[in-house]
Protein chains: 2
Amino acid sequence: MSPPMTPGRARNAAATRTAILEAARKRFAHEGYDQTGVREIASDAGVDAALISRYFGGKEELFSEVLSCAPNIAEFLDGDRDSFGERVAQMLAVEPMREEKFELFLIMLRSASSPKAAEAIRRHSHDAFYQPLETWLGGDDAAVRARLLSCVMMGATMNRVIYEDYLLDGQQRQELCEALARTLDNYVSGPV
Amino acid sequence: MSPPMTPGRARNAAATRTAILEAARKRFAHEGYDQTGVREIASDAGVDAALISRYFGGKEELFSEVLSCAPNIAEFLDGDRDSFGERVAQMLAVEPMREEKFELFLIMLRSASSPKAAEAIRRHSHDAFYQPLETWLGGDDAAVRARLLSCVMMGATMNRVIYEDYLLDGQQRQELCEALARTLDNYVSGPV
DNA sequence: GGGCCATGTCATCAGTTGGTGACTTCTAGG
DNA sequence: CCTAGAAGTCACCAACTGATGACATGGCCC
């Protein structure tokens with residue numbers, strides 16, 4: 001006990017805020033908005049639940065804040081254009097779902113059914129997903145192609161959410177991945 | 001007051017059961033498992049909430065029962081094989097979402113995030129969706145192609161759930177529909 | 001008609017949720 | 001050292017949820 005341990009939590013507002021945000025992001029991604037209680041978030045963050053209301057105003061505002069801070073689509077748009085389908089399909093069908101890249105998708109899919117969260121999701125996914133994607137795609141039908149890409153990506157994520165990794169073995173997942181990659185690249189490259 | 005109105009509800013167990021089931025199906029499809037309360041279902045059905053527990057055992061069992069009774073994929077597998085993509089894409093992108101055909105999808109998507117409902121969904125969607133679809137597709141990679149079809153169908157539904165019909169106008173939805181049809185038919189017809 | 005069971009109604013419970021305000025404790029600045 | 005305010009703790013509330021058991025009532029069979 002070399003450093004004189006303070007009994008309560010260290011008094012550091014910024015760190016506390018961040019801890020809450022981190023814990024909330026994981027909870028919302030793994031359980032969804034409704035299934036996550038402020039007490040659970042607080043417990044994960046090692047914080048009293050009352051601080052959530054104090055710092056963010058309430059659960060709903062915390063959720064919006066989490067969406068704003070979550071990593072967005074940009075990561076995939078940065079890379080090589082020709083390998084977009086391959087990279088995304090790998091994430092969707094092969095890589096373990098615990099990856100952080102998944103988190104924004106998971107938050108959206110698992111929380112979209114909650115009216116309290118829905119509006120925030122609509123707004124944020126437009127700004128952080130469709131808008132950049134459309135710009136990146138370019139062309140007259142960018143909006144439609146963006147929607148098509150979104151359909152495949154969301155659907156694939158949804159399937160894994162529902163079935164985890166049951167039903168398909170490694171070989172089949174590889175085939176799935178390749179087919180997804182082809183479909184995605186088809187939407188990326190050409191006019192539909 | 002020609003017929004001597006009974007003050008309470010008509011005493012007809014079968015009709016009451018059906019009324020509850022109907023009301024529950026609509027509520028679960030529109031609001032999801034978590035957002036739907038037994039009191040709301042009962043109110044819609046013109047029934048006392050206690051009867052839900054009496055007739056079905058509880059909300060969870062009622063949900064399973066609703067899934068069992070909901071219309072499944074069979075409708076689309078009956079029709080002409082060549083027009084499968086066209087028919088499904090029409091439903092996914094063009095037809096109004098209030099259609100009953102959508103209900104099973106909506107129930108699944110809106111309730112999948114609830115642990116209580118998830119297991120029932122997994123079981124039922126396998127029996128009423130994947131299994132028939134795989135059989136209908138045939139071939140060695142039927143499982144993978146079924147999954148691909150599912151991804152597109154679920155993703156398209158999810159997009160409409162989140163965005164309703166915003167963002168895309170009629171013309172764009174038509175383009176979306178055609179592209180979806182091509183993709184679906186591609187998965188139906190060929191080895192991936 | 002009388003008994004009896006199925007059906008429906010009601011009051012209420014126990015658990016959980018998000019949120020609030022009063023309180024304590026620590027730390028910075030004078 | 002002492003005060004003021006920020007940071008954290010605690011007890012508690014009001015609302016809601018699913019569920020249950022006691023009770024009322026209708027209709028059928030003997």
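Below, chains carry the letters A, B, ... as their sequence lines are ordered, and counting in each starts from 1.
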Take atom [atom1] of [X] and atom [atom2] of [N], then tell me their distance rounded to the nearest Å.
X	N	atom1	atom2	result
B:Arg27	D:dT17	CZ	P	11 Å
B:Ile41	D:dT17	CD1	P	11 Å
A:Arg11	D:dG8	CZ	C1'	5 Å
A:Asn12	D:dG8	CG	P	7 Å
A:Lys116	C:dT17	NZ	P	13 Å
A:Ile20	D:dA7	CD1	P	12 Å
A:Ile52	D:dG8	CD1	P	13 Å
B:Asp48	D:dT20	CG	P	14 Å

Closest to the side chain of B:Ser53, out of D:dT9, D:dA19, D:dG21, is D:dA19
Which nucleotide, D:dA19, D:dA7, C:dT9, lies nearest any side-chain atom of B:Leu51? C:dT9
Could you please spell out the steps behind the side-chain hydrogen bond (donor to acceptor under 3.5 Å, both in side chains) verdict for A:Asp34 and B:Gln35? CA-CA 9 Å; A:Asp34 284 327; B:Gln35 303 299 322; 2.4 Å; yes
May I ask you to check whether A:Thr183 and B:Tyr187 show a side-chain donor-acceptor distance below 3.5 Å? yes
Is there a residue in residues 54-63 of chain A whose heavy atoms reach under 4.0 Å of DNA chain D, and which residues are they? A:Arg54, A:Tyr55
Just N and O in the side chain of A:Thr16: are any of them under 4.0 Å from OP1 or OP2 of D:dG8? yes
Take atom CD of B:Glu100 as the centre, draw a 6.0 Å sphere, and report whether it contains more than 12 heavy atoms from other residues, nucleotides or ligands. no
B:Asp140, CG atom: more than 12 neighbouring heavy atoms under 6.0 Å: no
For DNA chain C, whose closest nucleotide is more 5', that of A:Glu40 or that of A:Ala49? A:Glu40
Between B:Ala14 and A:Tyr33, who's closer to the 5' end of DNA chain C by nearest nucleotide? B:Ala14
Assess the residue pair A:Phe76 and A:Trp136 against the criterion (ring pair (Phe, Tyr, Trp, His ring centres under 6.0 Å)); give the C-alpha distance rounded to whole Å, side-chain angles, the decisive distance to 0.1 Å, and a yes or no. CA-CA 11 Å; A:Phe76 291 100; A:Trp136 182 78; over 10 Å; no
Can the positive tip of B:Lys59 be found less than 6.0 Å from the middle of the six-membered ring of B:Phe28, inside 45° of the ring normal? no
Indicate, yes or no, whether a donor-acceptor pair under 3.5 Å links the base of C:dT16 to the side chain of A:Arg39. no
Contacts under 3.5 angstrom, residues 150-159 of chain A side chains, donor-acceptor by atom type, not counting sequence neighbours:
residue  : atom : partner  : partner atom : Å
A:Ser150 : OG   : A:Tyr130 : OH           : 2.6
A:Ser150 : OG   : B:Asn159 : OD1          : 3.1
A:Ser150 : OG   : B:Asn159 : ND2          : 3.0
A:Thr157 : OG1  : A:Met153 : O            : 2.8
A:Asn159 : OD1  : B:Tyr130 : OH           : 2.2
A:Asn159 : OD1  : B:Ser150 : OG           : 3.1
A:Asn159 : ND2  : A:Gly155 : O            : 3.1
A:Asn159 : ND2  : B:Ser150 : OG           : 3.0

